[in-house]
Protein chains: 2
Amino acid sequence: MKLSTRGRYGLRAMFELARHYGEGPLSIKNIARRQNISEHYLEQLIAALKKKGLVRSIRGSQGGYILSRKPGDIKVGDIIRALEGPIAPVECVRDNDSETCSRTDICVARTVWKKVKDSIIEVLDTTTLEDMCNEEEKIRKEKERFMYYI
Amino acid sequence: MKLSTRGRYGLRAMFELARHYGEGPLSIKNIARRQNISEHYLEQLIAALKKKGLVRSIRGSQGGYILSRKPGDIKVGDIIRALEGPIAPVECVRDNDSETCSRTDICVARTVWKKVKDSIIEVLDTTTLEDMCNEEEKIRKEKERFMYYI
DNA sequence: GCTAATTCCTACTATATTTCTCGGCCTTTA
DNA sequence: TAAAGGCCGAGAAATATAGTAGGAATTAGC
(Lines give C-alpha, C1' and ligand atoms only; values in the text may rest on other atoms or scores of the structure.)
Protein backbone atom coordinates (compact mmCIF):
# COMPACT_ATOMS: atom_id res chain seq x y z
CA MET A 1 0.00 0.00 0.00
CA LYS A 2 2.53 2.52 -1.16
CA LEU A 3 2.00 6.00 -2.42
CA SER A 4 3.62 6.55 -5.80
CA THR A 5 6.12 9.29 -6.51
CA ARG A 6 3.32 11.33 -8.07
CA GLY A 7 1.78 12.01 -4.69
CA ARG A 8 5.08 12.35 -2.89
CA TYR A 9 6.77 14.65 -5.38
CA GLY A 10 3.55 16.56 -5.85
CA LEU A 11 3.18 17.29 -2.17
CA ARG A 12 6.78 18.41 -1.92
CA ALA A 13 6.34 20.70 -4.92
CA MET A 14 3.18 22.20 -3.48
CA PHE A 15 4.88 22.67 -0.15
CA GLU A 16 7.66 24.51 -1.95
CA LEU A 17 5.07 26.80 -3.52
CA ALA A 18 3.45 27.31 -0.13
CA ARG A 19 6.75 28.35 1.42
CA HIS A 20 7.07 31.05 -1.21
CA TYR A 21 3.45 32.05 -1.27
CA GLY A 22 3.09 35.73 -2.05
CA GLU A 23 6.60 36.04 -3.47
CA GLY A 24 5.73 35.69 -7.13
CA PRO A 25 5.89 32.63 -9.37
CA LEU A 26 8.31 29.75 -8.98
CA SER A 27 9.50 28.01 -12.15
CA ILE A 28 9.46 24.28 -12.61
CA LYS A 29 13.22 24.31 -12.96
CA ASN A 30 13.43 26.03 -9.63
CA ILE A 31 11.09 23.67 -7.81
CA ALA A 32 12.70 20.64 -9.41
CA ARG A 33 16.13 21.73 -8.30
CA ARG A 34 15.07 22.54 -4.77
CA GLN A 35 13.22 19.28 -4.35
CA ASN A 36 15.50 17.14 -6.47
CA ILE A 37 12.88 15.95 -8.93
CA SER A 38 13.16 15.37 -12.69
CA GLU A 39 12.03 18.56 -14.43
CA HIS A 40 9.98 16.96 -17.15
CA TYR A 41 8.32 14.59 -14.78
CA LEU A 42 7.43 17.37 -12.40
CA GLU A 43 5.98 19.25 -15.34
CA GLN A 44 3.42 16.50 -15.78
CA LEU A 45 2.55 16.47 -12.12
CA ILE A 46 2.06 20.20 -12.03
CA ALA A 47 -0.10 19.96 -15.14
CA ALA A 48 -2.42 17.66 -13.19
CA LEU A 49 -2.45 20.07 -10.25
CA LYS A 50 -3.26 22.92 -12.58
CA LYS A 51 -6.07 20.97 -14.18
CA LYS A 52 -7.62 20.55 -10.75
CA GLY A 53 -7.27 24.25 -10.06
CA LEU A 54 -4.71 23.99 -7.27
CA VAL A 55 -2.06 26.07 -9.00
CA ARG A 56 -2.08 28.90 -11.51
CA SER A 57 0.54 29.34 -14.21
CA ILE A 58 2.20 32.47 -15.44
CA ARG A 59 3.62 31.96 -18.90
CA GLY A 60 6.62 33.47 -20.56
CA SER A 61 9.92 34.60 -19.25
CA GLN A 62 10.09 35.05 -15.48
CA GLY A 63 6.90 33.00 -15.31
CA GLY A 64 6.19 29.93 -13.27
CA TYR A 65 3.55 28.70 -10.87
CA ILE A 66 1.79 30.02 -7.82
CA LEU A 67 -0.81 28.46 -5.54
CA SER A 68 -4.30 29.35 -6.71
CA ARG A 69 -5.42 29.99 -3.13
CA LYS A 70 -3.76 30.49 0.20
CA PRO A 71 -1.91 27.57 1.82
CA GLY A 72 -4.52 27.29 4.55
CA ASP A 73 -7.14 26.53 1.94
CA ILE A 74 -5.30 23.69 0.27
CA LYS A 75 -5.62 20.34 1.92
CA VAL A 76 -3.07 17.60 1.44
CA GLY A 77 -6.01 15.42 0.39
CA ASP A 78 -6.72 17.77 -2.52
CA ILE A 79 -3.18 17.32 -3.76
CA ILE A 80 -3.15 13.56 -3.45
CA ARG A 81 -6.54 13.23 -5.15
CA ALA A 82 -5.38 15.45 -8.01
CA LEU A 83 -2.34 13.28 -8.59
CA GLU A 84 -3.42 9.79 -7.68
CA GLY A 85 -7.17 9.80 -8.13
CA PRO A 86 -9.70 8.94 -5.43
CA ILE A 87 -8.21 8.04 -2.08
CA ALA A 88 -9.23 4.43 -1.48
CA PRO A 89 -7.22 1.36 -0.55
CA VAL A 90 -9.44 -0.79 -2.78
CA GLU A 91 -11.80 -0.10 -5.67
CA CYS A 92 -14.98 -1.20 -3.93
CA VAL A 93 -14.87 1.64 -1.40
CA ARG A 94 -13.97 4.33 -3.90
CA ASP A 95 -17.33 6.00 -3.99
CA ASN A 96 -19.39 6.73 -0.95
CA ASP A 97 -22.60 5.28 -2.31
CA SER A 98 -24.36 2.37 -0.73
CA GLU A 99 -23.70 -0.23 -3.41
CA THR A 100 -23.60 -3.52 -1.60
CA CYS A 101 -21.47 -6.38 -2.77
CA SER A 102 -23.23 -9.48 -3.95
CA ARG A 103 -21.37 -11.66 -1.51
CA THR A 104 -21.45 -11.08 2.20
CA ASP A 105 -17.94 -12.33 2.75
CA ILE A 106 -16.54 -9.74 0.42
CA CYS A 107 -18.65 -7.13 2.13
CA VAL A 108 -17.05 -7.89 5.45
CA ALA A 109 -13.60 -7.24 4.02
CA ARG A 110 -15.14 -4.15 2.50
CA THR A 111 -16.09 -2.90 5.95
CA VAL A 112 -12.43 -3.05 6.96
CA TRP A 113 -11.29 -1.20 3.85
CA LYS A 114 -13.94 1.40 4.39
CA LYS A 115 -12.61 2.12 7.86
CA VAL A 116 -9.07 2.36 6.53
CA LYS A 117 -10.17 4.71 3.81
CA ASP A 118 -12.00 6.96 6.25
CA SER A 119 -9.05 7.18 8.58
CA ILE A 120 -6.67 8.08 5.77
CA ILE A 121 -9.01 10.73 4.47
CA GLU A 122 -9.45 12.12 7.97
CA VAL A 123 -5.71 12.75 8.20
CA LEU A 124 -5.22 14.08 4.68
CA ASP A 125 -8.21 16.39 4.78
CA THR A 126 -7.41 17.95 8.12
CA THR A 127 -3.88 18.87 7.12
CA THR A 128 -3.26 21.91 4.95
CA LEU A 129 -0.15 23.35 3.37
CA GLU A 130 -0.28 26.04 6.03
CA ASP A 131 -0.08 23.39 8.72
CA MET A 132 3.00 22.04 7.02
CA CYS A 133 4.59 25.49 6.93
CA ASN A 134 3.88 25.94 10.63
CA GLU A 135 5.35 22.54 11.32
CA GLU A 136 8.49 23.48 9.46
CA GLU A 137 8.76 26.70 11.40
CA LYS A 138 8.39 24.75 14.63
CA ILE A 139 11.15 22.35 13.66
CA ARG A 140 13.36 25.27 12.65
CA LYS A 141 12.91 26.94 16.03
CA GLU A 142 13.60 23.75 17.91
CA LYS A 143 16.82 23.31 16.00
CA GLU A 144 17.76 26.90 16.76
CA ARG A 145 17.21 26.44 20.47
CA PHE A 146 19.21 23.24 20.36
CA MET A 147 22.11 25.00 18.66
CA TYR A 148 21.99 27.74 21.30
CA TYR A 149 22.78 25.34 24.08
CA ILE A 150 25.82 23.87 22.41
CA MET B 1 -2.44 4.30 -2.83
CA LYS B 2 -4.04 1.00 -3.65
CA LEU B 3 -3.74 -2.30 -1.93
CA SER B 4 -2.66 -5.06 -4.31
CA THR B 5 -4.58 -8.27 -4.78
CA ARG B 6 -2.14 -9.97 -2.44
CA GLY B 7 -3.59 -8.18 0.55
CA ARG B 8 -7.15 -8.34 -0.65
CA TYR B 9 -7.17 -11.99 -1.65
CA GLY B 10 -5.15 -12.89 1.39
CA LEU B 11 -7.60 -11.30 3.79
CA ARG B 12 -10.50 -13.01 2.09
CA ALA B 13 -8.73 -16.36 2.28
CA MET B 14 -7.94 -15.87 5.95
CA PHE B 15 -11.51 -14.83 6.62
CA GLU B 16 -12.65 -18.03 4.94
CA LEU B 17 -10.38 -20.00 7.27
CA ALA B 18 -11.74 -18.06 10.23
CA ARG B 19 -15.31 -18.90 9.31
CA HIS B 20 -14.43 -22.56 9.38
CA TYR B 21 -12.17 -22.41 12.39
CA GLY B 22 -12.33 -25.65 14.36
CA GLU B 23 -13.83 -27.63 11.50
CA GLY B 24 -10.63 -29.16 10.19
CA PRO B 25 -8.43 -28.07 7.32
CA LEU B 26 -9.60 -26.25 4.20
CA SER B 27 -7.80 -26.98 0.96
CA ILE B 28 -6.51 -24.29 -1.37
CA LYS B 29 -8.84 -25.53 -4.06
CA ASN B 30 -11.72 -25.07 -1.68
CA ILE B 31 -10.77 -21.57 -0.60
CA ALA B 32 -9.99 -20.53 -4.15
CA ARG B 33 -13.38 -21.70 -5.35
CA ARG B 34 -15.28 -20.05 -2.51
CA GLN B 35 -13.48 -16.76 -2.92
CA ASN B 36 -13.03 -16.90 -6.67
CA ILE B 37 -9.26 -16.65 -6.72
CA SER B 38 -6.73 -18.39 -9.00
CA GLU B 39 -5.57 -21.55 -7.22
CA HIS B 40 -1.90 -21.27 -8.02
CA TYR B 41 -1.80 -17.63 -7.14
CA LEU B 42 -3.51 -18.23 -3.83
CA GLU B 43 -0.98 -20.94 -3.15
CA GLN B 44 1.76 -18.32 -3.19
CA LEU B 45 -0.16 -16.04 -0.88
CA ILE B 46 -0.82 -18.81 1.60
CA ALA B 47 2.85 -19.76 1.48
CA ALA B 48 3.67 -16.25 2.66
CA LEU B 49 1.07 -16.48 5.41
CA LYS B 50 2.49 -19.81 6.50
CA LYS B 51 6.01 -18.41 6.57
CA LYS B 52 4.81 -15.74 8.98
CA GLY B 53 3.16 -18.36 11.15
CA LEU B 54 -0.42 -17.27 10.57
CA VAL B 55 -1.60 -20.58 9.15
CA ARG B 56 -0.59 -24.19 9.62
CA SER B 57 -0.65 -26.75 6.85
CA ILE B 58 -1.73 -30.34 6.90
CA ARG B 59 -0.15 -32.22 4.04
CA GLY B 60 -1.43 -35.13 2.03
CA SER B 61 -4.90 -36.20 1.07
CA GLN B 62 -7.70 -34.52 3.01
CA GLY B 63 -5.12 -31.96 4.05
CA GLY B 64 -5.26 -28.23 3.77
CA TYR B 65 -4.80 -25.21 5.97
CA ILE B 66 -6.02 -24.03 9.35
CA LEU B 67 -5.42 -20.85 11.29
CA SER B 68 -2.47 -21.24 13.63
CA ARG B 69 -4.32 -19.46 16.40
CA LYS B 70 -7.88 -18.44 17.13
CA PRO B 71 -9.50 -15.76 14.95
CA GLY B 72 -9.54 -13.30 17.82
CA ASP B 73 -5.76 -13.46 17.98
CA ILE B 74 -5.14 -12.68 14.34
CA LYS B 75 -5.18 -9.02 13.42
CA VAL B 76 -5.90 -7.84 9.91
CA GLY B 77 -2.63 -5.94 10.19
CA ASP B 78 -0.75 -9.22 10.65
CA ILE B 79 -2.18 -10.52 7.40
CA ILE B 80 -1.44 -7.39 5.40
CA ARG B 81 2.09 -7.19 6.73
CA ALA B 82 2.71 -10.84 5.86
CA LEU B 83 1.58 -10.28 2.29
CA GLU B 84 2.58 -6.74 1.49
CA GLY B 85 5.43 -6.02 3.84
CA PRO B 86 5.55 -3.15 6.34
CA ILE B 87 2.47 -0.98 6.39
CA ALA B 88 3.71 2.44 5.33
CA PRO B 89 2.50 4.84 2.66
CA VAL B 90 6.10 5.84 1.92
CA GLU B 91 9.51 4.30 2.59
CA CYS B 92 10.77 6.96 4.95
CA VAL B 93 8.22 6.15 7.65
CA ARG B 94 8.60 2.39 7.38
CA ASP B 95 10.45 1.90 10.59
CA ASN B 96 9.58 3.55 13.85
CA ASP B 97 13.04 4.76 14.62
CA SER B 98 13.92 8.41 14.94
CA GLU B 99 16.01 8.73 11.79
CA THR B 100 15.58 12.29 10.67
CA CYS B 101 15.74 13.30 7.04
CA SER B 102 18.59 15.50 6.01
CA ARG B 103 16.28 18.11 4.60
CA THR B 104 13.65 19.79 6.71
CA ASP B 105 11.21 20.18 3.86
CA ILE B 106 11.15 16.46 3.30
CA CYS B 107 10.71 15.95 7.01
CA VAL B 108 7.55 18.01 7.01
CA ALA B 109 6.02 15.79 4.34
CA ARG B 110 7.28 12.92 6.41
CA THR B 111 5.24 14.13 9.36
CA VAL B 112 2.12 13.87 7.25
CA TRP B 113 2.94 10.37 6.04
CA LYS B 114 3.73 9.33 9.59
CA LYS B 115 0.25 10.37 10.68
CA VAL B 116 -1.31 8.52 7.77
CA LYS B 117 0.67 5.43 8.58
CA ASP B 118 -0.34 5.52 12.23
CA SER B 119 -4.00 5.90 11.42
CA ILE B 120 -3.93 2.97 9.00
CA ILE B 121 -2.14 0.79 11.50
CA GLU B 122 -4.60 1.79 14.20
CA VAL B 123 -7.47 0.43 12.11
CA LEU B 124 -5.73 -2.71 10.89
CA ASP B 125 -4.36 -3.66 14.27
CA THR B 126 -7.60 -3.22 16.16
CA THR B 127 -9.56 -5.45 13.81
CA THR B 128 -9.28 -9.21 14.12
CA LEU B 129 -10.68 -12.04 12.06
CA GLU B 130 -13.11 -12.63 14.91
CA ASP B 131 -14.41 -9.10 14.51
CA MET B 132 -14.99 -9.82 10.86
CA CYS B 133 -16.88 -13.00 11.66
CA ASN B 134 -19.07 -11.10 14.13
CA GLU B 135 -19.66 -8.44 11.54
CA GLU B 136 -20.77 -11.05 9.06
CA GLU B 137 -23.12 -12.56 11.58
CA LYS B 138 -24.60 -9.14 12.25
CA ILE B 139 -25.17 -8.55 8.55
CA ARG B 140 -26.73 -11.98 8.23
CA LYS B 141 -29.16 -11.29 11.04
CA GLU B 142 -30.13 -7.94 9.62
CA LYS B 143 -30.89 -9.54 6.29
CA GLU B 144 -32.97 -12.17 8.01
CA ARG B 145 -35.06 -9.61 9.83
CA PHE B 146 -35.49 -7.72 6.60
CA MET B 147 -36.73 -10.83 4.82
CA TYR B 148 -39.19 -11.52 7.63
CA TYR B 149 -41.06 -8.29 6.98
CA ILE B 150 -41.59 -8.89 3.28
C1' DG C 1 1.21 -50.98 -1.52
C1' DC C 2 -1.47 -48.11 -4.74
C1' DT C 3 -4.06 -44.13 -5.90
C1' DA C 4 -5.97 -39.83 -5.39
C1' DA C 5 -5.79 -35.63 -3.01
C1' DT C 6 -3.17 -32.22 -1.56
C1' DT C 7 0.86 -29.34 -0.05
C1' DC C 8 5.32 -27.57 -1.63
C1' DC C 9 8.61 -25.50 -4.71
C1' DT C 10 10.91 -23.12 -8.59
C1' DA C 11 10.72 -20.95 -12.41
C1' DC C 12 8.64 -18.42 -16.04
C1' DT C 13 5.48 -15.05 -18.59
C1' DA C 14 2.32 -11.57 -19.75
C1' DT C 15 0.47 -7.33 -18.62
C1' DA C 16 0.04 -3.05 -16.37
C1' DT C 17 1.84 0.73 -14.14
C1' DT C 18 5.17 3.91 -12.95
C1' DT C 19 8.71 6.89 -13.84
C1' DC C 20 11.04 9.39 -16.68
C1' DT C 21 12.79 11.19 -21.44
C1' DC C 22 12.59 13.59 -25.90
C1' DG C 23 11.61 17.07 -28.87
C1' DG C 24 9.33 20.78 -30.30
C1' DC C 25 5.78 24.58 -30.09
C1' DC C 26 3.82 28.71 -27.84
C1' DT C 27 4.03 32.93 -24.77
C1' DT C 28 6.05 36.73 -22.46
C1' DT C 29 9.51 39.75 -20.54
C1' DA C 30 13.69 42.35 -20.90
C1' DT D 1 14.27 39.45 -30.89
C1' DA D 2 16.42 36.33 -27.82
C1' DA D 3 16.11 33.94 -23.71
C1' DA D 4 13.22 32.04 -20.17
C1' DG D 5 9.78 29.35 -19.29
C1' DG D 6 5.07 27.11 -19.79
C1' DC D 7 2.56 23.52 -22.79
C1' DC D 8 1.92 19.15 -25.15
C1' DG D 9 2.03 14.37 -26.95
C1' DA D 10 4.55 10.30 -27.84
C1' DG D 11 7.04 6.81 -26.15
C1' DA D 12 11.01 4.26 -23.68
C1' DA D 13 12.77 1.98 -19.69
C1' DA D 14 12.20 -0.03 -15.47
C1' DT D 15 9.55 -2.22 -12.13
C1' DA D 16 5.70 -4.45 -10.02
C1' DT D 17 1.65 -7.27 -10.37
C1' DA D 18 -0.94 -11.18 -11.30
C1' DG D 19 -0.95 -15.17 -12.87
C1' DT D 20 0.85 -19.97 -15.29
C1' DA D 21 3.22 -24.32 -15.71
C1' DG D 22 4.90 -28.41 -14.20
C1' DG D 23 6.39 -31.49 -11.17
C1' DA D 24 8.20 -33.43 -6.47
C1' DA D 25 6.88 -34.82 -1.80
C1' DT D 26 3.40 -36.30 1.55
C1' DT D 27 -0.57 -38.56 3.41
C1' DA D 28 -5.44 -40.79 3.90
C1' DG D 29 -8.10 -44.34 2.50
C1' DC D 30 -8.85 -48.42 0.04
Side-chain angles (χ1 to χ4, degrees), chain A residues 1-13 16-17 20 24-68 80 82-86 89-91, chain B residues 1-13 16-17 20 24-68 80 83-86 88-91:
Chain A
M1 191 150 49
K2 291 278 175 297
L3 206 67
S4 75
T5 54
R6 286 179 69 88
R8 290 188 281 132
Y9 290 0
L11 178 59
R12 277 158 57 189
E16 201 59 43
L17 289 177
H20 297 88
L26 230 53
S27 71
I28 283 193
K29 190 183 277 186
N30 219 312
I31 302 172
R33 201 184 45 232
R34 286 169 192 266
Q35 292 286 339
N36 196 31
I37 301 172
S38 143
E39 271 182 55
H40 269 82
Y41 188 42
L42 181 59
E43 195 180 300
Q44 288 168 44
L45 307 187
I46 297 222
L49 293 165
K50 192 191 167 189
K51 205 170 154 195
K52 293 287 176 178
L54 298 176
V55 298
R56 278 219 310 269
S57 65
I58 288 136
R59 301 190 66 171
S61 182
Q62 311 307 313
Y65 295 88
I66 53 170
L67 297 183
S68 63
I80 301 305
L83 293 167
E84 312 231 2
V90 302
E91 275 303 307
Chain B
M1 192 152 49
K2 292 276 175 299
L3 208 67
S4 76
T5 54
R6 287 178 68 90
R8 290 189 279 133
Y9 291 0
L11 179 60
R12 278 158 58 190
E16 202 57 46
L17 289 176
H20 297 88
L26 230 54
S27 71
I28 283 191
K29 190 184 274 187
N30 219 313
I31 302 172
R33 201 184 46 233
R34 286 168 192 265
Q35 291 286 340
N36 196 32
I37 300 170
S38 145
E39 271 181 54
H40 268 82
Y41 189 41
L42 181 58
E43 196 179 302
Q44 289 170 45
L45 307 188
I46 298 223
L49 293 165
K50 192 189 168 193
K51 205 170 155 193
K52 294 286 176 179
L54 297 176
V55 299
R56 277 221 308 270
S57 65
I58 289 134
R59 302 190 66 170
S61 183
Q62 311 308 312
Y65 294 88
I66 54 171
L67 296 184
S68 62
I80 301 304
L83 293 166
E84 312 232 3
V90 302
E91 276 301 308

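All values reported here derive from a predicted model rather than from experimental measurement. Within every chain, numbering begins at 1; the chains are lettered A, B, ... in the order of the sequence lines, protein sequences first and strands thereafter.
In this structure, the separation between CG on A:L45 and OH on A:Y9 is 9.0 Å, given to the nearest 0.5 Å. Distance check, rounded to the nearest 0.5 Å: CD of B:E16 to CZ of B:R34 gives 5.0 Å.
Among the nucleotides D:dG6, C:dC22, D:dT27, the one closest to the side chain of A:H40 is C:dC22. In this structure, the nucleotide among C:dT21, D:dC7, C:dT28 sitting nearest to the side chain of A:Y65 is D:dC7. When the nucleotides D:dC7, C:dT18, D:dA28 are ranked by their closest atom to the side chain of A:S57, D:dC7 comes out on top. Distances were taken from every side-chain heavy atom of A:Q44 (C-beta onward) to each of D:dT20, C:dC20, C:dT7; the shortest belongs to C:dC20. For A:S61, whose side chain is taken as the heavy atoms from C-beta onward, the closest listed nucleotide among C:dT29, D:dG6, D:dT27 is C:dT29. For A:S4, taking side-chain heavy atoms from C-beta onward, the closest of the listed nucleotides C:dC20, C:dT18, D:dA18 is C:dT18.
Across the protein-nucleic acid pair, B:I66 atom CD1 and C:dT6 atom P stand 16 Å apart, rounded to whole Å. One interatomic measurement links the two molecules: CG of B:L83 to C1' of D:dA18, which rounds to 14 Å at whole-angstrom precision. If you take CD1 of A:I46 and P of D:dG5, they are 14 Å apart, rounded to a whole angstrom. At whole-Å resolution of the value, CD in B:Q62 and C1' in D:dT26 are 13 Å apart. When the P atom of C:dC22 is taken as reference, atom CG of A:L42 falls 17 Å away, rounded to whole Å. The nearest whole Å value for the distance from the OH atom in A:Y41 to the P atom in D:dT15 is 14 Å. Rounded to an integer number of Å, the gap from A:L49 CG to D:dC7 P is 12 Å. Residue A:N36 contributes atom CG, which lies 10 Å from atom P of C:dC20 at whole-angstrom precision.
When side chains are defined from C-beta on, A:E91 counts as touching B:K2, because their heavy atoms get closer than 4.5 Å. Counting only heavy atoms from C-beta outward, the side chains of B:L49 and B:Y65 never approach each other to under 4.5 Å.
Judged by distance alone, with hydrogens and angles left aside, the side-chain atoms of A:R6 form a donor-acceptor pair with the main-chain N or O of A:L83 at under 3.5 Å. Side-chain atoms of A:S68 come within 3.5 Å of backbone atoms of A:L54 as a donor-acceptor pair (strictly under, hydrogens ignored).
Of the two residues contacting DNA chain C, namely A:R6 and A:E43, the nearest-nucleotide position lying further toward the 5' end is that of A:R6. Both A:I37 and A:I58 lie close to DNA chain C; mapped to their nearest nucleotides by heavy-atom distance, the more 5′-ward contact belongs to A:I37.
Not one side-chain nitrogen or oxygen of B:Y9 sits closer than 4.0 Å to the OP1 or OP2 atom of D:dA18.
B:K50 comes within contact range of the sugar-phosphate backbone alone, with a heavy-atom separation under 4.0 Å but no base atom that close. B:I28 comes within 4.0 angstrom of the backbone, heavy atoms only, and of no base.
At a cut-off of 3.5 angstrom, the base of C:dT27 holds no donor-acceptor pair with the side chain of A:R59. Judged by distance alone with a 3.5 Å cut-off, no donor-acceptor contact links the side chain of B:E39 to the base of C:dT7.
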